[in-house]
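Side chains are part of it too, since the values below use all heavy atoms of this structure and drop only hydrogens, waters and symmetry mates. In each ligand, atom 1 is the first atom listed, and ligand 1 is the first ligand listed.
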Amino acid sequence: MWAGRFQKALDQKADDFNSSLRFDCRMYAQDIKGSMAHAAMLARQGILPQAEVDRIIDGLEGILHDLNEGKLAFDTGAEDIHMFVEAELTKRIGDAGKRLHTARSRNDQVALDIRLYLRDEAKKIVALIKETVKAVVDKAEESADIIAPAYTHLQRAQPISFGHQLMAYAMMLLRDIDRIQDGVKRMNFSPLGSCALAGTTYNTDRAFVAQRLGFDGVTANSIDGVSDRDFCLELMSAFSILMMHLSRFAEEIILWSSWEFKFVELDDSYTTGSSIMPQKKNPDMAELIRGKTGRVYGNLMALLTTLKGLPLAYNKDMQEDKEAIFDSLDTVTMCLEVLAPMVATMKINGENTYRAAQKGFINATDLADYLTKKGMPFRAAYKIVGQIVAECIAKDCVLDTYPLDEYKKHSELFTEDLYDEISLKTCVEKRNSEGGASPKSVREQIALVKKRLEAEELKEELQ
Ligand code: ARG
């Protein structure tokens with residue numbers, strides 16, 4: 001490509017080291033579509049004759065078709081996808097191919113390609129998150145009336161509808177969708193026309209290209225246009241937070257499916273056996289989701305570190321953006337593709353969750369509330385209930401069956417109705433405050449999330 005300036009070819013190892021084709025080839029469709037829009041603009045502005053541009057666009061269409069059909073192989077000797085397409089075009093249509101790069105540089109070209117590529121990929125990730133939300137919501141619907149313990153410090157804290165805990169994850173995932181969509185908003189500006197870094201002396205029409213490619217506008221500074229990778233970082237941050245959510249969920253699924261909990265049983269298709277211990281059913285998929293979270297965080301750190309010391313504008317270091325973000329994309333995709341059906345096929349054992357909720361004095365807060373509702377200040381009630389709990393532990397009793405005369409020794413406010421008030425069913429059903437843990441509240445949350453999902457679908461149809 002740069003034969004004019006050089007007398008010697010690149011050393012083979014240096015050439016391999018320099019080449020990004022093996023990973024940036026996945027942006028071939030975006031690269032070609034970007035070139036088509038650029039060529040159309042060159043004709044429209046009278047920079048290239050229409051007849052030449054027609055040949056360029058025909059040639060590019062042919063290349064796109066052949067790559068889609070697997071009829072054209074990538075030349076691994078090419079430096080990157082941009083060079084490959086240009087060389088192939090020139091091979092096919094001759095000199096006209098050499099004119100495509102007028103008023104453009106690989107620096108704005110690559111910045112354009114990544115934006116186009118990530119915009120497409122972000123949509124796919126959002127669709128996968130939606131599938132996961134649907135699986136979670138269905139499980140929550142199924143388990144709204146199942147009573148389970150909820151934890152703080154991994155100590156039994158208060159009784160809840162099991163669906164309430166699941167819906168917490170639905171809320172996180174909705175925020176993940178918001179974050180990704182928000183990042184795409186800032187990403188959706190075309191850098192093409194920034195050229196190497198300083199724009200161009202040709203009378204280009206950047207807005208025309210931007211509009212053709214579905215951007216909301218053009219970047220306003222040519223140096224920023226070629227050096228900015230914030231949109232990669234934003235997406236990778238959103239992916240990191242998403243993975244943190246998936247990892248917490250995976251961790252709970254791992255705990256819940258252990259013999260110690262036995263709250264859920266994973267379907268055989270999402271578990272593995274042990275090579276030596278015949279009794280084992282291991283939650284490998286959930287563990288891998290938890291494990292792979294590390295590499296998604298790592299990719300974000302890697303790119304932040306790559307960029308932090310770079311003087312403006314383009315530096316070859318920036319080629320490192322792709323492997324990092326592609327790996328994050330692939331990892332997030334795999335995790336979501338496995339998590340959604342794993343949740344959908346997971347069985348919840350309501351008897352075990354109920355049994356676990358019966359132990360651990362999970363209704364102690366409700367007993368304190370009972371006294372408080374009868375007029376005692378909460379702190380005083382809290383102290384009395386603490387003493388009763390200590391007595392019960394010493395005598396190996398539970399609050400639900402502790403005799404009334406024992407209660408009365410602590411306060412005359414205790415009467416027979418306390419037992420109904422602290423039954424698990426009452427405790428859960430009465431937690432009707434907005435966003436609370438009752439089955440009724442869980443159903444309201446489900447309705448809310450379903451509405452949001454429908455709105456998302458409508459938005460997509462309108463696009
Ligand atoms: N393969 C390069 C990248 O991914 C394309 C841009 C090359 N530009 C340059 N001036 N060497 O960053």
Side-chain angles (χ1 to χ4, degrees), residues 1-6 8-35 37-38 60 63 67 74-90 98 100-121 187 190-200 209 213 219 221-233 235-236 299-300 302-330:
M1 260 318 162
W2 28 78
R5 168 82 165 78
F6 289 81
K8 266 166 84 180
L10 200 59
D11 167 80
Q12 191 52 51
K13 280 234 155 44
D15 197 22
D16 294 345
F17 183 61
N18 196 40
S19 171
S20 55
L21 186 101
R22 68 183 187 285
F23 48 85
D24 65 16
C25 61
R26 63 160 91 187
M27 306 191 302
Y28 74 86
Q30 288 77 11
D31 189 76
I32 292 173
K33 282 177 189 156
S35 288
H38 177 66
L60 288 171
I63 296 172
L67 285 172
F74 293 108
D75 167 12
T76 47
E79 190 187 318
D80 54 31
I81 186 62
H82 327 294
M83 294 295 223
F84 169 76
V85 172
E86 193 181 324
E88 180 63 26
L89 183 68
T90 306
K98 295 184 187 164
L100 169 63
H101 214 50
T102 311
R104 184 177 74 170
S105 148
R106 272 188 302 158
N107 297 347
D108 56 346
Q109 190 179 356
V110 72
L112 175 86
D113 291 4
I114 317 173
R115 285 172 193 250
L116 287 172
Y117 181 78
L118 292 182
R119 200 175 67 181
D120 293 346
E121 292 301 308
M187 186 193 295
S190 169
L192 205 72
S194 302
C195 303
L197 84 162
T200 179
V209 177
L213 295 171
T219 54
N221 176 299
S222 60
I223 293 181
D224 185 46
V226 291
S227 331
D228 172 27
R229 294 292 182 272
D230 293 3
F231 54 94
C232 295
L233 294 171
L235 211 53
M236 289 163 99
N299 289 333
L300 170 63
L303 186 57
L304 277 169
T305 312
T306 298
L307 292 170
K308 81 182 243 308
L310 295 187
L312 300 177
Y314 178 84
N315 299 269
K316 191 71 174 221
D317 315 45
M318 289 163 75
Q319 181 164 286
E320 289 291 309
D321 58 0
K322 280 166 226 67
E323 279 166 298
I325 189 137
F326 293 167
D327 183 71
S328 290
L329 272 171
D330 294 345

Does the residue Gln109 have a heavy-atom contact with ligand 1, meaning some pair of atoms that are separated by less than 4.0 Å? no
Considering only the protein, which heavy-atom contact is closest to [atom], and what is its distance?
| atom | result |
| --- | --- |
| atom 11 (N) of ligand 1 | Arg106 NH2, 3.5 Å |
| atom 8 (N) of ligand 1 | Asn107 OD1, 3.0 Å |
| atom 5 (C) of ligand 1 | Asp80 OD2, 3.4 Å |
| atom 2 (C) of ligand 1 | Gln319 OE1, 3.2 Å |
| atom 12 (O) of ligand 1 | Tyr314 OH, 2.4 Å |

Distance, nearest 0.5 Å, that separates [atom1] of [X] from [atom2] of [Y]:
| X | Y | atom1 | atom2 | answer |
| --- | --- | --- | --- | --- |
| Gln109 | Ile81 | CD | CD1 | 9.5 Å |
| Leu329 | Lys322 | CG | NZ | 13.0 Å |
| Asp224 | Thr219 | CG | OG1 | 7.0 Å |

Contacting atoms of ligand 1, where contact means under 4.0 angstrom from a heavy atom of Ser20: 1 (N)
Please list, in number order, the atoms of ligand 1 under 4.0 Å from a heavy atom of Lys322. 3 (C), 4 (O), 12 (O)
Flag if over 12 foreign heavy atoms under 6.0 Å of NZ, Lys308: no
Out of the candidates Val85, Leu67, Asp24, only one should pair with Phe74 under the side chain to side chain contact (heavy atoms under 4.5 Å, CB included) rule; please name it. Leu67
Do any pairs count as a salt bridge (Lys or Arg N to Asp or Glu O under 4.0 Å) and have a residue in residues 107-116, sequence neighbours left out, and if so which ones? Arg115-Asp228
